[in-house]
4 protein chains.
Amino acid sequence: MASHELTEADQGEYHYTVGPYPDPVLHIESGDTVTVETHDAFEGAIETEDDAPSEVLGDYLNPQNGPIYVEGATPGDALAVTIEDIVPRGDQPRGTTCMIAEFGGLTGTDRTALLNDPLPEVVKKLDVTTDGVRWDDERVIPYEPFVGTISTAPELNSVDALTPDDHGGNMDLPDVCPGNTVYLPVNTEGAYLYLGDCHANQGDGELCGVAIEHPTETTITVDVVEDWDLSWPRVESDEFVMSVGSARPMEDAARIAYRDLVDWLVEDYGFETWDAYLFLTQVGSVRLGNMVDPNYTIGASVSKEYL
Amino acid sequence: MASHELTEADQGEYHYTVGPYPDPVLHIESGDTVTVETHDAFEGAIETEDDAPSEVLGDYLNPQNGPIYVEGATPGDALAVTIEDIVPRGDQPRGTTCMIAEFGGLTGTDRTALLNDPLPEVVKKLDVTTDGVRWDDERVIPYEPFVGTISTAPELNSVDALTPDDHGGNMDLPDVCPGNTVYLPVNTEGAYLYLGDCHANQGDGELCGVAIEHPTETTITVDVVEDWDLSWPRVESDEFVMSVGSARPMEDAARIAYRDLVDWLVEDYGFETWDAYLFLTQVGSVRLGNMVDPNYTIGASVSKEYL
Amino acid sequence: MASHELTEADQGEYHYTVGPYPDPVLHIESGDTVTVETHDAFEGAIETEDDAPSEVLGDYLNPQNGPIYVEGATPGDALAVTIEDIVPRGDQPRGTTCMIAEFGGLTGTDRTALLNDPLPEVVKKLDVTTDGVRWDDERVIPYEPFVGTISTAPELNSVDALTPDDHGGNMDLPDVCPGNTVYLPVNTEGAYLYLGDCHANQGDGELCGVAIEHPTETTITVDVVEDWDLSWPRVESDEFVMSVGSARPMEDAARIAYRDLVDWLVEDYGFETWDAYLFLTQVGSVRLGNMVDPNYTIGASVSKEYL
Amino acid sequence: MASHELTEADQGEYHYTVGPYPDPVLHIESGDTVTVETHDAFEGAIETEDDAPSEVLGDYLNPQNGPIYVEGATPGDALAVTIEDIVPRGDQPRGTTCMIAEFGGLTGTDRTALLNDPLPEVVKKLDVTTDGVRWDDERVIPYEPFVGTISTAPELNSVDALTPDDHGGNMDLPDVCPGNTVYLPVNTEGAYLYLGDCHANQGDGELCGVAIEHPTETTITVDVVEDWDLSWPRVESDEFVMSVGSARPMEDAARIAYRDLVDWLVEDYGFETWDAYLFLTQVGSVRLGNMVDPNYTIGASVSKEYL
């Protein structure tokens, strides 16, 4: 159970697409711990509230660390990634939220393509510490960090870092937080783990598309779970088990998540299918991760008290 | 501030469509309290686990009490309905959940029209008390009742009781529970309030389409809020304010709810529009009411600690 | 086989909601012909290109003639309405198209609720004759009129005239044109037929939400088809049979239409289900009626040469 | 203007993902013609009607020829690919359509994830000649072939061959047929052109997900259009210009296509934006390419008689 560091220098070039094509930047064994220096989603390009995103940002967003090669991980296995700790790093104000043209939940986009004028560009820079995020003179938001984007590589595809799908990706799910474990399907030898995009806090749906983005030191422990053939990511905490779906329209994300949770209850918790379906009707919980990315993400969960 | 009763006998015929056309069954003043004998969503037709829904149910579901005429309620006002208490009534087992052909979240339906065989019909009858709902030998679900369907009448339309929309309706939102207040737009003189469809408990999304349906005595207090021109229903508790949207696809329900919540923060809480949009990105909460009705329902809320 | 007239004077008040509640304005027998004076979708309120829709329009759009009571029509029957002729009426410029705030295919709406500024209001008035519609100095659009909205009444509901659903309604389907027959389910004694909203021409999807609206004299023949229990409207021409679905998201409209067409091929044309499914994959045609109304409308059809 | 051949032997391994990572199999100049031996979408694995797709198919479908490197093609240019000819090849019965579990327009899928049993597997093999496709004793479908999948490479991503998006891909658009030209954005030096998946015929939407798939000799001419920065594919025939959008839900595909067509009319045909919007409302045409792939595809077009 070794501990590794993956600093900015170790990483070198960050990745804006997630696939099996780049060379791994680190090789680890199952059970190892890695501390990763993540960038914010803009690779630090938005430095002041006067920066216009359209001028300072390039064509790609959401830089990822990795790929991390996990020895022994083989297609048909799952990767269990436990988030141990997330600590902000970098100079203050190191938190950034903003409005980006044709991106977000309450605006026309490149997909919901409309003729309305885009919203204005607005940038807000924020001091972020583990004590919280000061929004304005009256409001302090607690520091409740999580990993916004975490993926294994697809077998053949290379997916841009903004898109969540069955490989994980940009799920923007606040439950991928310290203390919890995310399970990802292994699609290629070594799994090729990528991560980045840590948020200091985020509401359900990540409404405007940009949470409180900040650079971090994120520590994870990675285990290989042999012969666990996942269709979609799953999350586990002390309190619940959660299945995660990412799709459009949003109801398909909910269907994926809940169907996978029914399957999980049947496979591992002794439920019969229709009983699981009826039971989740009464006690299932839904988390809307994002309503802004190329696929929307929903987590469906059930309390462990019932399992 | 009078107290009224609306018993089964007072109600007479229950309504399966919500509009301005029937005669009111009760006239009340703003501030009055009413105790209503609601039926379950099947008007009691599913009596045993051997009853096949396709055989015992008629063409319409979800019987509603009302309309209740509220003196002084005028278009442009809002109705504030506080849920005071919900108590189960009727013989045990008085709780019902079941699977109905081509209805539910994980099946093809009359709208998501497919060629797959329908799911089987399964009925589960449950003892319901204020102490909880015994699911099986190992699991007891807490009694956390709420009003599944509550509406004012549209001005011209008459909407079937299964459909939630901007008049309220079959939102299946667990936040419409004792202690909380739901605000509904007044579209016609007297508001014409309808309610019914109380659930003993329900998970997010009401997955199979049928929560723990049960007949109740539900007590509400009704106030007219003058000159509050709501576009969509809203809910208020001690902890949060919530806007509610109902639409398909599900992302439109989320957009409606969050846009209305932005508007609310601007109108009543001193926020500037883009600041509200950015702030809700960090601290907004989303509740999925239903993913099974003709419109899906989402509530977007924010904690009062920030207001 | 009598011929009737339903003039503006006969009609009196036009209807903005379609249901079983108003008194019929005309009683006819199966096989009768009716010539109806339809209004345009604005009941003539937009008279010049200087009229701002937001100022001259009221809360409701799309006035309907009817209800016409068809003797002998009983739930479980279908109504076959053949469009015999559509002739423009009224003073020139009698055609109107325009942009209405938060309505249309390329703008945020009350459902796709966004924070973008609405599009500007633009009105275009057009001379309409049976020879065509002069758009500008270079372009003349042929006069290819059809009935935009045609409905039987639902049994209990009253649906606003802007919404298409399984009762017909605002389908905006150019195939409901002279020479063709639309079949509608009968949900109530007498069927209660409504129609209006004739378009001088319209592209697929009715992009901005407003075709070339114009008042007309529309002649229809109405037949009762006994014991034909339709789930959704259907259209028949000399060349094709078409099933019509209206829903959101748009794929559900397509699913409804194609599933109904599979059913039709099996019921009336000797196909086996899977063969119909595979065959329509190769030769089915899709018409997008509207992408702007509360439900989107799609017609799925197959050439009669294959039947 | 050279002529090239890209035979099965030249191609070697076919590709199931479309990106910038493989080595080009052919280098051509702008203006050159290439005759390509395409496989069917199953790489020939379904040989008889007794073959069960679930047993004979691997994890990936839709083999692609390419990448073809086009000298001089640079990001910001467009590629104009004219379909010159499509001729069936291979032994009879060389046409295949079939039903694949959890894939198709009228079934639950991996995205519209449901608990219904999947549809049965059905395979139909067909003789395909340029004279037509004999469906059964009574029905012959005309041979109207087109290229189902055609793409340039994204800059960073590698997209599975089943997915259409802004790079082209699996659009299943019958308008990509002999005589017509498809325009694709160039995202990388050399454009990296891929194609395959020719259909002998197909109805709108490709209902069951599998058209009449067949191996072909397809001849294309490829031209570089300098400094034409396309957001989405476009198609041109003698009769019309068409913009193509691929997305979910289906209304977003329609919005993309129509917005791009508005832009095209403004950029190249002298229209003012609102006039283009209003005009397309009256005369725009919509083609539903597919309602079965990971993104649905819609083409929006306008007749050249108006341009």
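If you're wondering where the values come from, they're calculated on a predicted model, not measured in any experiment. Sequence lines set the chain letters: A, B, ... in the order given, protein chains first and strands last, and positions in each chain run from 1.
Shortest non-hydrogen contact noted between A:Asn157 and D:Asp160 is OD1-N, 3.0 Å. The shortest heavy-atom contact between A:Arg255 and D:Thr112 is NH1-CG2, 3.5 Å.
Residue D:Glu13 places its CD atom among 12 or fewer non-hydrogen atoms of other residues, nucleotides or ligands, all under 6.0 Å distant. Counted within 6.0 Å of CD on A:Glu8, heavy atoms from surrounding residues, nucleotides or ligands total more than 12; the atom is thus considered enclosed.
Judged purely by atom type and a 3.5 angstrom limit, D:Arg248 has no side-chain atom pairing as donor or acceptor with the backbone of A:Pro249.
A distance of 9.0 Å separates CG in A:Asp252 from CG in D:Asp110, rounded to the nearest 0.5 Å.
No part of D:Tyr258 comes within reach of chain A, as not one of its non-hydrogen atoms sits under 4.5 angstrom from that chain. In this structure, no portion of D:Ser231 lies under 4.5 Å from any heavy atom of chain A. For A:Thr163, no part lies under 4.5 angstrom from a heavy atom of chain D. Looking at A:Val18, there are no atoms closer than 4.5 Å to chain D (heavy atoms on both sides), in backbone or side chain. If you measure heavy-atom distances from A:Tyr277 to chain D, the contacts under 4.5 Å come from the side chain alone.
Remark: D:Asp165 engages A:Arg111 in a salt bridge, criterion side-chain N to carboxylate O under 4.0 Å.
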